[in-house]
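Whatever order the structure lists them in is the order used to number ligands and atoms, beginning at 1. All values below were derived from every heavy atom in this structure, side-chain atoms included, with hydrogens, water molecules and symmetry-related copies excluded.
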Amino acid sequence: MSRNIVSIANSSFLPLNHFGDPSRSARFFIPSRKSWGYCSGERKIVCACTAPPRNWPDGFSAVRSNDPSSEDKEPSSMENLRVARDVEDDSVLIECRNVYKSFGEKHILRGVSFKIRHGEAVGIIGPSGTGKSTVLKIMAGLLAPDKGEVLIRGRERHGLISDEEISGLRIGLVFQSAALFDSLTVRENVGFRLYENSSMSEDQVAKLVTENLAAVGLKGVEDRLPSELSGGMKKRVALARSIIFDNTKEAVEPEVVLYDEPTAGLDPIASTVVEDLIRSIHLKGQDAEGKPGNIASYVVVTHQHSTITRAVDRLLFLYEGKIVWQGMAHEFMTSTDPIVRQFASGSLDGPIKYL
Ligand SMILES: Nc1ncnc2c1ncn2[C@@H]1O[C@H](COP(=O)(O)OP(=O)(O)OP(=O)(O)O)[C@@H](O)[C@H]1O
């Protein structure tokens, strides 16, 4: 039986037992080989590569969307898109439908709806604390929504990622902080899942790790500890960890990679390197060995303008618990929507109020 597979690509693996039911919790033992990483049940931790990006039909322009079902209610440009969608509905890999999430009295998500389609590079933007990371965690299955549905390739996912009824899509989550295992070498961090969850030999994994590190521009760092790397290098190690996968398997499920602020804390040039890497590992359509890869789509939560312009095609604007605007990245700076204008210009005057 194929499974829904989640890659916790840049995580300390805390979120699995941090947010969820303890019975589903992940446990990790470091560092003896084959007992390092262990997720409860049949949960797998994987990652992969690439697929060409898709630009939506020309008619798809920015829309204001206060209604949870707004994707289905927009005027002409949206209707054009709808035609395309109806024809190729199976292109939808992940759908959040009217999702709600509260933490205690804080009602963070209040009817969030959107779809991620095969080939898309989607950015999620919005003011701090508005719930962007929460959306990613819900998509990844690390958090369960209070209400609403998360559909993976059209099938509703119930609860967290250990559920077994969903198959055919891997979801990788690259966390904001470079949460590499401090006591493991770069090789061990990048090859972590394969050591545990594949039948590959240590030599095969080591070779693949070297190739994937090269793909993110790192050479000769395999034996270093994370403490010996710069912040930018750690992010690239995390990227390598997000794209590595068992390439000895005949069939590789497509993967959606979710990046939570991948350029946070980096200088402008290091940011550019990471943004272009995100784009290129998606675009290349092949893994480090030149075999067909399978990163179908990716989603980036970001605050950085350069990331929006370099690494993203379509944007979702999250504000006050909903997607209030969506459009192509190039429309972001020219939008006349008051919320978008204020956010894009960084103005203190406008509908977005900071306490
Ligand atoms: N596990 C949790 N328990 C309690 N509150 C939480 C939890 N996770 C998130 N929150 C709260 O939910 C709100 C949204 O957090 P989230 O990290 O999703 O926002 P964000 O839009 O990604 O913020 P930023 O842009 O600052 O990173 C915040 O107020 C945060 O404190």
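Side-chain atoms of Ser113 come within 3.5 Å of backbone N or O of Asn98 as a donor-acceptor pair. Lys115 places no side-chain N or O within 3.5 Å of a backbone atom of Arg97 that could act as its donor or acceptor partner.
Side-chain atoms of Thr263 and Thr307 include a donor-acceptor pair closer than 3.5 Å.
The closest approach between Lys137 and ligand 1 stays at or above 4.0 Å for every heavy atom of the residue.
Of the polar atoms of Gly131, at least one N or O is found under 3.5 Å from an N or O of ligand 1, judged by distance alone. Between Gly126 and ligand 1, no pair of N/O atoms sits closer than 3.5 Å.
Remark: among candidates Ala264, Gly321, Ser133, Gly129, the nearest residue to atom 22 (O) of ligand 1 is Ser133, based on non-hydrogen atoms.
Residues Arg341 and Asp349 are not paired through a salt bridge, judged by the lack of any N-O separation under 4.0 Å between the basic side chain and the carboxylate. Between Glu275 and Arg279 there is no salt bridge, since no side-chain N of the basic residue sits under 4.0 Å from a carboxylate O of the acidic one.
Below 4.0 Å from some heavy atom of Lys132 lie the following atoms of ligand 1, by number and element: 18 (O), 19 (O), 20 (P), 21 (O), 22 (O), 23 (O), 24 (P), 25 (O).
Contacts with ligand 1 closer than 4.0 Å are made by side-chain heavy atoms of Ile108 only, the backbone lying farther away.
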